[in-house]
Amino acid sequence: MTQKPPLPEEMKRTFDVKLENPIYDWWEEQGYFKPQKDPDKEPFVIAMPPPNVTGALHLGHAIVSSIQDCLIRYHRLLGDPTLWIPGTDHAGIATQNVVERELEKEGLSRHDLGREKFLERVWEWKDTYQNRITEQHRRLGVSCDWDRERFTMDEGLSKAVREAFVRLYEEGLIYRGAYLINWCPRCSSAISDLEVEHKEEPSHLWHVRYWTEDHERSIIVATTRPETILGDTAVAVNPGDGRYADMVGMEVRVPFVDRLIPVIADEGVDMEFGTGAVKVTPAHDPTDYAMGKRHDLEFIDVMNDDMTMSEAAGPYEGQDRFVCRENLIEDLREMGDLVKVEEYSHSVGHCQRCGTIVEPRISTQWFVKIKPLAEPALEAVREGRIGIIPERFTKVYYNWMEDIRDWCISRQLWWGHRIPVWYCEECGAEICVREDPTACPECGSETLQQEEDVLDTWFSSGLWPFSTLGWPEETEDLDYFYPTSVMETAYDILFFWVARMIMMGIHFTDEEPFHTVYLHGLVRNEDGEKISKSMPDAWRYDPLHMIDEYGQDPLRFTLLTGSTPGNDMRLSPDRVEANRNFGNKIWQAARYVLGNLDEDLKDYVPPTGALNPTTDMDMADRWIISRYHRLVAEVTRLIEAYQLGEAGRQMYDFIWSEYCDWYIEMTKVRFWDEQEGADQARSVLVYVLEGCMRLLHPYMPFVTEAIWQYLPHRGEALIKASWPEEGERDPQAEEKVEGFMELVRGIRNARSEYHVEHGRRIAAIIAAGEEAPFLREQQGVLEALARIDGEQLEIRESLAEAPERALALMLGGYECYLPLEALVDLEQETARIRSEIEELDEEIARARDLLANEDFVTKAPEDVVQNERDKVEDYTERQNMLLERLETLQ
RNA sequence: GGGCAGGUGGCUCAGUUGGUUAGAGCGCCACGUUGACAUCGUGGAGGCCGUAGGUUCGAGUCCUAUCCUGCCCACCA
């Protein structure tokens, strides 16, 4: 039944990136991405943030996939029933915009097609891009359950949206009314406060004089938006402002439109700013709106939907708002009522989706009364039922939630969930029901008109963690997999999405939709710029291009290790290349291991549990096992703490710098002439490497699966193997081998310093003290690694007399002499020893000072103090030997 | 106006309960075709951890102030 993995019989010289896709397909066909439900186990569940169906995946999606797939694969290896739900978002405005742009190329507008035909076009687009996105996701290696793939506008989710809307409506938490909203003239729709991006822009502050009816008195106001003068319905001053006290209650005339407006007193006016008098346009400014409400002023919208001036703008009717501004300023100047123009910079709201300057205006829209939803959402985080990583974002979350304002959810678009409300043309009743109504429940009339507006796309996204599991139906999935575990996404949609999921999740399911929020940063290019499609070298940062070039594993490893939670990262192709090299390094190590095993690989199948170090093993074996066990513990701890980057780096360092650079080199000696312990080495090589593949699998799924398949192993696939066990450490072996490494490094260093040819084997005399037996055991390894001539190597307990004319090294507890007569330059050697003595001097002085400090000795932990004592002893010993040496040289 | 993050070798970044002589990758210098690997190996140069104070036996790590960079929030007319 079990189909074999799609790999060549023999390991090739390098890992072929083209194998990634077949391996992925194999995993999928084998059903490894599907959760193994077990009622006794707690499942691990992630709802994947659904990409918009607007276009191609970018590096932002690559980081999402990398982090989530890493967590998913880790938990799958732990044996948790693991579910990752994929899907896509209809992305209301964004998608409608791209399709409209397509239509523009044909010279058409959506109005030319009409609602129905236009929506057909959008669905076509959606089908194309959803498929493309799915394909791209597969290439990113995501191990999600494709059978559970959802779309925010598919039948089930639409039902969820309808249910959520109706419930909120019935609870009185959704209302309709005319309020000040943000209007995007290009999108021709209302947008929420969050969808407005404020940018500081240079502009002017125009001082304009308003006259009283009799032209006896006047008041000067300062404004950044002269075109809204036409909608003024008051002029306000601070009640405590003596300059204008006598004018309060008077009426002044609005220029160009025949209207007298009152001068009012309001606490909100800052006496220090501008002239201290402010024009009030309640229909076009949030502050003025509030003032208008307080003083019961008239609300006059002076613009049409397309931002041409409306009939209310009198002589300026039909002009674009900014053309009107220019003309109006000119006219004021001519009239002499433009008193002053100052340079002024202020923040201007732009539409998040199209960049157009947003116009605050009064409009009838649908809103969610948000406070009742926000309160429990705040508590959930305050009381720790939801944790946010990194923690600093909890404060950001609190600030926003505490200060939250009602959410405008209606959009004047065609693409989206149409608001399930009908109006009766007979009696005017407003009907909000779960099933499409056929007759008015009030008057029985069948002339019902459905609300034209659709919902904000984030309304459906807010239901994602449970709507994807079948809510509002009480499905098995919902019962078993909900609440989900981790919500992982970019920090820039904390409010848009995460906050709303928490609010809606708690409201509709009485449970927090997830227990952990993990926020990652944005990916930028080498220069720290946001990567956008319009950049000339954008292709260099296209994840698919990077995958073609280097493979998915290196890209993923780079994204995982390149940053810490919540911090942006700069991604350069160089880094991906470096990690590609790491993948190759592992591949080569595996080839070495495999090449040294006997025919029957089954002899080396690793134990089910940990292989612990025992005294009958070679010290090198004990050392690497111990180091590997340390790694298992560390990586597990770090992943559990969501420190994915650090865990990855630890594996990189261990595999490259310990396993490859040292352990593999050490084993070679045993294989050369099949010395004692060669079989032991084979088992240990396999044990550690196979374990590393399991550890590393969440970080480099493809290359590890391939290697694992070649290596002796238990089970059919790495992806569903088990997480390594934390075995025993062997401090003694670690200490001995590290001393040995220090000795080897010292000899190599000396060779290099004295320009000994690489190929040349040299003599050495080593006084090893009680380590002599150990060093004799490792004699062959020492010869190989330090390139020493076995015939000329002497290992003793101690030396009665140090050899003359030899380099002296005091390292790792060894006293080592390299008799390089011909090569030793006496002066150079003297200088070398002197500088080493000096360095030791400094260290000894530092440690002695520390130990002389009573406070240090009494207050610091015992092991820290002891450590310093040992150092003084060790350094002094080394220094004495070097001093002696210096004398013999002179 | 409020808040947050970053400032560590030439570049990009680690360094999470304060404790060896602060690490890595890339780049740089010297040497190297030993049968896992030149997508490599060996050795090396290079940092008073933004600045100034403070707490502590001990600070890259904690506190205060300050400068620079970036970001978020806010009804700045």
Side-chain angles (χ1 to χ4, degrees), chain A residues 11 13-15 180 198 200 205-206 221-225 236 268-270 273-281 285-291 344-347 360 390 392-393 395-396 399-400 403 491-492 494-495 521-522 526 528 550 561-564 566-572 574-575 577-596 638 641 643 645-646 649 652-653 657 660-661 664-665 668 745 748-753 755-759 784-785 787 839 842-843 846-847 850 853-861 863-865 867-868 870-871:
Chain A
M11 245 182 137
R13 285 188 70 83
T14 54
F15 175 63
L180 192 78
H198 294 274
E200 198 73 14
L205 195 56
W206 288 277
V221 299
T223 181
T224 53
R225 307 207 45 209
V269 180
D270 180 359
F273 190 90
T275 62
V278 56
K279 62 190 268 317
V280 185
T281 322
D285 182 274
T287 317
D288 294 7
Y289 177 83
M291 216 182 276
Y344 187 70
S345 148
H346 70 137
S347 98
R392 64 185 138 91
F393 281 102
K395 210 167 142 188
V396 180
N399 289 345
W400 188 75
D403 213 32
Y491 64 71
D492 61 347
L494 177 61
F495 307 141
L522 279 24
E526 292 118 301
Y550 302 112
T561 56
S563 71
T564 38
N567 289 338
D568 295 350
M569 78 172 295
R570 297 185 188 199
L571 184 91
S572 75
D574 280 0
R575 297 178 68 174
E577 187 182 344
N579 289 135
R580 188 272 316 264
N581 295 352
F582 175 51
N584 179 252
K585 189 72 182 176
I586 307 167
W587 187 262
Q588 300 306 335
R591 291 209 320 137
Y592 168 83
V593 172
L594 225 50
N596 281 296
L638 289 165
Q643 293 185 49
E646 189 56 23
R649 269 171 244 122
Y652 182 102
D653 288 343
S657 310
C660 292
D661 287 353
I664 282 186
E665 294 305 321
K668 284 180 179 174
R745 279 196 207 100
R748 285 170 170 174
N749 180 335
R751 291 177 58 109
S752 169
E753 216 171 311
H755 305 290
V756 178
E757 306 94 279
H758 187 256
L785 298 191
R787 306 205 60 74
E839 277 169 36
E842 279 173 37
E843 271 314 299
R846 191 197 55 80
L850 209 50
N853 186 331
E854 182 100 6
D855 284 325
F856 173 72
V857 179
T858 52
K859 290 180 185 168
D863 57 323
V864 175
V865 178
N867 210 322
E868 292 299 322
D870 293 348
K871 261 191 282 182

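We use all heavy atoms of the structure for the numbers below, so side chains are in, but hydrogens, waters and symmetry mates are not. Below, chain A is the first sequence line, B the second, and so on; all start at residue 1.
- Taking atom CD of A:E200 as the reference point, atom P of B:C73 lies 14 Å away to the nearest angstrom.
- Residue contacts for A:S347: at a heavy-atom cut-off of 4.0 Å it reaches a base atom on one of the strands shown.
- B:U42 and B:A30 make up a base pair, with Watson-Crick or G-U wobble contacts both under 3.5 Å.
- Candidate nucleotides B:U39, B:G25, B:C76 were compared by shortest atom distance to the side chain of A:R580, and B:U39 ranks first.
- Between B:G46 and B:G32, the distance separating the two C1' atoms is 23 Å to the nearest Å.
- No contact: A:Y491 has no heavy atom under 4.0 Å from any strand.
- Taking every side-chain heavy atom of A:K871 into account, B:U20 is the closest of B:U20, B:A14, B:A77.
- Counting any heavy atom pair closer than 4.0 Å across all strands shown, A:K279 reaches no nucleic acid atom.
- In this structure a side-chain-to-backbone donor-acceptor pair under 3.5 Å is missing from A:N567 to A:G521.
- Across all strands shown, nothing is found opposite B:G60 as a Watson-Crick or G-U wobble partner with both distances under 3.5 Å.
- The side chain of A:E646 sits closest to B:G15 out of B:C76, B:G15, B:U20.
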(message) At under 4.0 Å between heavy atoms, how does the protein contact nucleotides 54-60 of chain B? Give one character per nucleotide, 5' to 3', with B, S or -.
(response) ---B---
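- In this structure, the nucleotide among B:C76, B:A36, B:U34 sitting nearest to the side chain of A:H758 is B:U34.
- Set against B:C72, B:A14, B:C37, the side chain of A:N567 has B:A14 as its closest nucleotide.
- Below 30°, between 30° and 60°, or above 60°: for A:W400 and A:F495 the angle between ring planes is below 30°, a parallel geometry.
- Nucleotide B:A65 forms a Watson-Crick or G-U wobble pair with B:U51, both donor-acceptor distances falling under 3.5 Å.
- Among the heavy atoms of the strands, none lies under 4.0 Å from A:R751.
- In this structure, B:G25 forms a base pair with B:C11, meeting either the Watson-Crick or the G-U wobble geometry with both donor-acceptor distances under 3.5 Å.
- Contact annotation for A:T224: backbone-only contact, meaning every heavy-atom pair under 4.0 Å involves sugar-phosphate atoms and none involves a base.
- Between the C1' atoms of B:A59 and B:G44, the separation comes to 30 Å (whole Å).
- Relative to the side chain of A:E843, the nucleotides B:U39, B:U21, B:C26 differ in distance, and B:U21 lies closest.
- Residue A:E665 places a side-chain atom within donor-acceptor reach of the base of B:A36, judged by atom type and a 3.5 Å distance cut-off alone.
- In the set B:A14, B:A77, B:C37, the nucleotide with an atom closest to the side chain of A:Q588 is B:C37.
- Using a 4.0 Å heavy-atom distance criterion, A:Y289 is classed as making no nucleic acid contact.
- Under the rule for a side chain to side chain contact (heavy atoms under 4.5 Å, CB included), the partners of A:S345 that lie at least two apart in sequence or sit in another chain are A:E200.
- Among the nucleotides B:G43, B:A14, B:U34, the one closest to the side chain of A:R787 is B:U34.
- Comparing B:A36, B:U12, B:U34 by their closest approach to the side chain of A:A589 singles out B:A36.
- Across every strand in view, B:A36 sits unpaired, with no contact that passes the Watson-Crick or G-U test at under 3.5 angstrom.
- Nearest nucleotide to the A:N399 side chain, out of B:A36, B:G3, B:C13: B:G3.
- With both pairing distances under 3.5 Å, B:C4 is matched to B:G70 as a Watson-Crick or G-U wobble pair.
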